[in-house]
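See below for the structure under consideration.
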Amino acid sequence: MAKHTQDSADALVVADADELMRPTTRRNFVRVMGAGGAVVLLPGVFSACSTTPGMGATGTGATAMDGGALTFDLRSDIGIFRLVHTLEQLEAAFYTAVVGSASFGTFFNAGERELFTDLRNVEIVHREFLRTALGSQAVPDVTGSINTTTLNAILSSRDGILGAARLFEHLGVSGLNGAGKYLQDARNLLIAGKFVSVEARHAAALRDLAPPSGQSANTAFAGDDIIDMNGMDVKLEAGAALDRVAATNLVRNGAVSSRNISNAPTATQGKASANFFPTTP
Amino acid sequence: MTISHQPILDGVDPEIMDTLVTRRDAIRRGASVSSTVAAGLAMGSVPVMMAALSKDAYAQAPSAILDVLQFAFILESLENEFYKAVLGTSTNSAQNAAFAGVRAQIPASAQQVFRQIQKHEQQHTDFLRGTAIPLFGGTAPSWTANDFDFTGGSGSGNGPFLQATTQLDHLLLVAQAVEDTGVRAYKGQAGRLLVNGDDRADVALESALRIHSVEARHAAKIRRLRRSMNMDDTTLRFSGYVMGGGVAAAGAGNIANPPAGAVAALGLIYGGEDNTVHTVFNGTAAVNLDAATLSGLDVIGDANARRQAAMMAFDEPLSKEQVVAIVRGFIRSDSGHALP
């Protein structure tokens with residue numbers, strides 16, 4: 001996919017010149033594109049691309065994530081959104097578990113329960129939006145790969161829940177901040193932008209509610225540990241973000257980690273930059 | 001893609017495309033673009049010529065990026081000078097004096113919040129002026145405290161937000177609105193910074209995204225502050241979200257008799273935040289999805305609850321023109337600056 005301005009829909013023809021530059025897919029893609037009028041009608045928004053090799057193809061039917069079955073090909077917007085879809089699935093599953101846990105009413109007061117319920121609802125919307133958008137390219141349900149021992153340990157205390165929630169929201173913010181430059185379509189970048197500020201609101205609210213150790217209650221929402229000297233927020237490249245997920249041990253056997261990245265973004269998409277992320281966000 | 005494009009695509013030889021539409025660096029930097037078009041024309045190939053033309057349209061010239069950065073600098077300067085006036089640290093004594101009344105009402109904890117936010121706005125202006133704008137060969141314009149009228153009165157000092165200088169509730173509402181305007185402005189401009197593979201554009205885009213999420217943190221904190229002072233106003237979510245759209249999304253229920261001008265301005269600032277239809281591009285087609293009617297949302301609740309969640313789940317952009325319409329009142333008409 002090549003870059004589009006939001007109001008240049010008629011120019012879609014050319015967008016795929018970039019795809020054509022990919023040697024393995026060049027000729028086939030032109031033929032696929034020729035059928036473009038029809039593929040619009042397929043159920044998944046991104047499903048047209050499932051016919052194209054090398055676009056991060058773990059499609060419908062792949063349910064086992066263990067052993068690296070889940071792959072992310074970050075050379076396309078689809079591959080990047082698949083990674084985001086994975087994170088949103090984990091977040092939604094986590095908040096669903098929090099809100100549904102037996103101790104939810106005792107660990108948290110009414111205002112805090114409102115916050116967590118909002119978070120659950122919004123992450124579910126994100127998850128379902130990406131699932132629908134990705135269609136056959138959507139990441140299979142990851143809930144079966146969640147390590148219940150780890151999850152239950154987190155759910156057993158207020159601090160455990162708050163700490164895990166802070167980490168997840170900051171991974172969301174940092175991952176999207178790092179991925180934006182690799183997206184190739186301005187409309188998809190706008191979707192990422194619509195997500196990231198919402199994740200940042202979560203992140204700030206959670207830190208405001210429960211500042212990490214050493215952070216002032218009045219400045220933790222955007223504390224000096226997560227905002228750098230240029231006034232900029234956390235940022236991670238995809239591999240680092242996935243490895244942070246793996247480190248939580250919330251997903252069994254490290255089924256979500258940097259080794260799941262089959263292809264990193266290319267130099268023609270963008271260049272990796274330094275990460276900025278604290279030990280305990 | 002539309003049906004009408006199919007014959008053109010069918011006529012494209014991928015290898016020719018490869019040859020003619022690969023001068024990415026040149027195109028990205030806005031240079032020798034026309035030569036690609038000319039090559040297509042010379043070959044008498046309409047598809048290739050069209051391809052080249054369209055590709056040109058996607059490339060952002062450095063001047064477009066510079067324009068975004070200069071625009072961001074104006075917004076950041078406005079925010080920075082606003083908080084300095086509120087805190088009494090402006091270099092302009094009249095601005096400090098204007099907020100003396102409300103300053104005395106700000107609890108120490110909220111003062112600390114304002115100082116932290118102001119620090120970030122200062123860092124943003126410093127970065128834009130010292131690093132980002134020069135990276136693209138530009139010079140940041142000079143904006144001083146005296147160029148702004150934080151009452152929204154275009155220099156009269158008697159605008160619709162005058163109450164913010166005397167009432168804490170109103171001040172916090174304005175701060176929240178300023179931050180959310182910033183979030184929406186950056187979001188609306190991000191696409192203009194997208195130039196894949198251009199190292200400078202990468203810096204501009206990533207910096208803008210990282211500033212953008214900091215503005216969202218600010219807005220969320222102020223919403224939580226306001227909620228803690230107005231526990232019944234559930235529009236002010238503890239989660240920091242924007243719920244709904246238009247003036248209602250501002251959560252101004254605690255503001256007694258807001259001036260019509262303030263209501264109108266808040267309507268612009270939060271206009272369209274209730275949108276639930278979003279466009280994704282899949283490499284072939286742009287498709288609109290309504291986030292409020294997706295399958296799989298049942299656990300959230302009834303249709304109304306699902307729509308509320310869908311509105312909260314996506315922050316919406318503002319166009320440059322929309323942002324200019326919002327901030328115009330905050331700039332003195334005799335400031336000597338022309339808004340873009």
Side-chain angles (χ1 to χ4, degrees), chain A residues 1 3 8-9 11-14 17 20 26-27 30 33-34 36-37 39-40 45-46 48-49 111 114-115 118 121-122 125-126 128-129 132-133 173 177 180-181 184-189 191 193-194 196-198 200-201 204-205 208 218-219 221-222 227 230-233 235 268-271, chain B residues 1 3 5-6 8-10 14 17 21 51 54-55 57-58 109 112-113 116 120 123-124 127 183 187 190-191 194 196-197 199 202 205-206 209-211 213-214 216-217 220-221 224 237-241 279-287 289 291 294 296-297 300 309-310 312-315:
Chain A
M1 285 177 284
K3 195 173 325 308
S8 61
L12 295 186
V13 178
V14 192
L20 298 172
R26 192 177 293 155
R27 287 192 178 277
V30 173
M33 288 297 295
V39 295
V40 173
V45 173
F46 286 123
C49 292
E114 175 192 300
L115 187 161
D118 274 0
N121 293 349
V122 160
V125 172
H126 286 174
E128 295 304 313
F129 182 86
T132 307
V173 173
N177 276 344
K181 61 184 178 286
Q184 293 167 69
D185 186 277
R187 289 160 294 197
N188 294 339
L189 175 63
I191 294 289
K194 290 180 180 198
V196 70
S197 57
V198 168
R201 292 175 193 273
D208 194 38
N218 295 322
T219 59
F221 69 98
I227 311 296
N230 288 320
M232 293 186 197
D233 213 325
K235 176 261 148 183
T268 55
Q269 284 170 270
K271 194 163 87 176
Chain B
M1 171 175 5
I3 303 276
H5 287 138
Q6 285 177 236
I8 295 175
L9 263 180
D10 287 345
M17 292 285 288
V21 197
S54 303
K55 190 152 183 77
Y58 303 137
S109 57
Q112 207 181 343
V113 172
Q116 185 77 357
H120 297 152
Q123 289 167 335
H124 297 163
F127 175 79
V183 174
K187 204 186 314 295
L194 181 59
N196 292 116
D199 293 352
D202 283 358
L205 174 57
E206 190 159 281
L209 288 173
R210 295 176 65 190
I211 291 172
S213 62
V214 171
R217 287 178 186 270
K221 171 59 184 176
R224 284 175 55 82
R237 309 302 290 170
F238 280 115
S239 51
Y241 292 135
T279 304
V280 287
F281 179 71
N282 65 6
T284 305
V287 180
L289 294 177
L294 299 166
L297 304 184
I300 294 171
M312 291 194 286
F314 293 79
D315 280 345

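Every heavy atom of this structure was used, including side-chain atoms; hydrogens, water molecules and symmetry mates were not.
- Side-chain N or O atoms of Q123(B) include one that pairs as donor or acceptor with a backbone N or O of G231(A) at under 3.5 Å.
- Within the 3.5 Å criterion, the main-chain N or O of G240(B) finds a donor-acceptor partner in the side chain of R201(A).
- Across all their heavy atoms, N230(A) and F127(B) have their closest contact at CG-CD1, 3.8 Å.
- Judged by distance alone, the side chain of Q269(A) and the main-chain N or O of G197(B) form no donor-acceptor pair under 3.5 Å.
- At distances below 3.5 Å, at least one donor-acceptor pair connects side-chain atoms of N188(A) with backbone N or O atoms of F281(B).
- Side-chain contact of N177(A) with S213(B): a donor-acceptor pair under 3.5 Å is present, judged by distance alone.
- Considering every non-hydrogen atom in both A216(B) and S197(A), the closest pair reads CB-O, 3.5 Å.
- Atom CG of L209(B) and atom NZ of K235(A) lie 11.5 Å apart (nearest 0.5 Å).
- For I300(B), the parts lying near chain A are the backbone and the side chain together; criterion is any non-hydrogen pair under 4.5 Å.
- Using modelled atom types, no side-chain atom of E206(B) and backbone atom of G180(A) make a donor-acceptor pair closer than 3.5 Å.
- For a residue to count as touching a neighbouring chain, one of its non-hydrogen atoms must lie under 4.5 Å from one of that chain's; by this rule R224(B) touches chain A with the side chain only.
- The closest side-chain heavy-atom distance from L297(B) to V125(A) is below 4.5 Å.
- Look at R237(B) and D118(A) and you find a salt bridge, because one of the NZ, NE, NH1 or NH2 atoms lies within 4.0 Å of a carboxylate O, short of that distance.
- With a 4.5 Å cut-off on side-chain heavy atoms, N121(A) and M312(B) do not count as touching.
- Using a 4.0 Å cut-off between a side-chain N of Lys or Arg and a carboxylate O of Asp or Glu, K194(A) and D315(B) do not qualify as a salt bridge.
- How far OG1 of T279(B) is from CD1 of I191(A): 7.0 Å, rounded to the nearest 0.5 Å.
- Shortest non-hydrogen contact noted between M232(A) and V214(B) is C-CG2, 4.0 Å.
- With hydrogens and angles disregarded, no donor-acceptor distance shorter than 3.5 Å links the side chain of R187(A) to the backbone of V280(B).
- Atom CZ of residue F129(A) and atom CG of residue L294(B) lie 7.5 Å apart, to the nearest 0.5 angstrom.
- Both the backbone and the side chain of V113(B) come within contact range of chain A, each with at least one heavy atom under 4.5 Å from a heavy atom of that chain.
- Distance check: N218(A) CG to S109(B) OG gives 5.0 Å after rounding to the nearest 0.5 Å.
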Exercise. Going through the checks in order, is the side chain to side chain contact (heavy atoms under 4.5 Å, CB included) test met by F314(B) and V122(A)?
Worked result: CA-CA 9 Å; F314(B) 293 79; V122(A) 160; over 6 Å; no

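- Ion pairing between a basic and an acidic side chain is recognised when a charged N comes within 4.0 Å of a carboxylate O; D202(B) and K181(A) show no such pairing.
- For the residue pair A204(A) and A220(B), the shortest heavy atom distance occurs at CB-CB, 4.2 Å.
- In this structure, the side chain of K271(A) does not engage the main chain of D199(B) through any donor-acceptor pair within 3.5 Å.
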